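Reviewing the structure listed below.
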Amino acid sequence: MKVSSEFETDILEIIKNRRSLRAYSTAPIEPEKIKSLFEAARWAPSSVNEQPWTYIYATKDQPDLWNKIFSSLNDGNKSWAKDAPLLLVSLVRKNHLQNERLNNSAKYDLGAANAFLSLQATHFGLNVHQMGGFNQLTLRENLNIPDAYEVGVIMAIGYPGSVDQLPQPLQERELTPRKRFVQNEFVMNHSF
Ligand SMILES: Cc1cc2nc3c(=O)[nH]c(=O)nc-3n(C[C@H](O)[C@H](O)[C@H](O)COP(=O)(O)O)c2cc1C
């Protein structure tokens, strides 16, 4: 499949600027900005307006809670997420509130909320890096997550730091242009 680093057409600056960087400044994030991140998630669309998302966040000045999240990350993620002033866990309620039936759209809706949150963060000049690389059991135990909830991703959030603070192999990755499949590979104007 063909990939490219070029934008094929103009898009919103905020989408262009969002990037999963790994170098974080340890500067704290203003509490009102943290609140705005969750407000952006709040206004995401969801199936039957179920709003199945839940977030647990911890700032670095809450070391106990922050470490409960951090300690569940795999070693690769720990090597750079250690500087992030804000960690958050995104979760979903698996069942509908009204009738307790399985909500097949729950994780889809969480993805939309996380995307809204990420773009709001980009607007503030914050970097968001989503991580699926964590130990589910450790995280569930550390945070007492009930069975009714499924974990989506953990996110490391903070103002960008300097590339030099990263381990050598990650410095290169940080500076490499991103690649995406070209539109011809995933957009069709005809049936399969
Ligand atoms: C569900 C999900 C899980 C991810 N897990 C990790 C991870 O564990 N570690 C990591 O470094 N990046 C992780 N990423 C970040 C992706 O690697 C990144 O989004 C992708 O390479 C595209 O780069 P960009 O976000 O800078 O455009 C994850 C992203 C998503 C959406």
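For ligands, and for the atoms within them, numbers begin at 1 and follow the listed sequence. What you see is a predicted model; the values in this text were computed from it and never measured.
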Check the angle between the aromatic planes of Y24 and W80 and answer parallel, tilted or perpendicular using the 30° and 60° thresholds.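 Parallel: the ring planes of Y24 and W80 meet at under 30°.
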Consider side-chain contact (heavy atoms from CB on, under 4.5 Å). Of L86, V89, L88, which one does I69 pass it with?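 Passing option: V89.
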Just checking, any donor-acceptor pair under 3.5 angstrom between side chains of [X] and [Y]?
X: S71; Y: N142; result: yes
X: T59; Y: Q62; result: yes
X: N114; Y: Y55; result: yes

Report all protein residues having a heavy-atom distance below 4.0 Å to some atom of ligand 1; order the list by chain, then number.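 Residues within 4.0 Å of ligand 1: R18, R19, S20, R22, N77, W80, H129, Q130, M131, G132, G133, V153, R178, R180.
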Step-by-step salt bridge (Lys or Arg N to Asp or Glu O under 4.0 Å) determination, K16 to D10: CA-CA 9 Å; K16 282 188 194 165; D10 202 24; 3.0 Å; yes
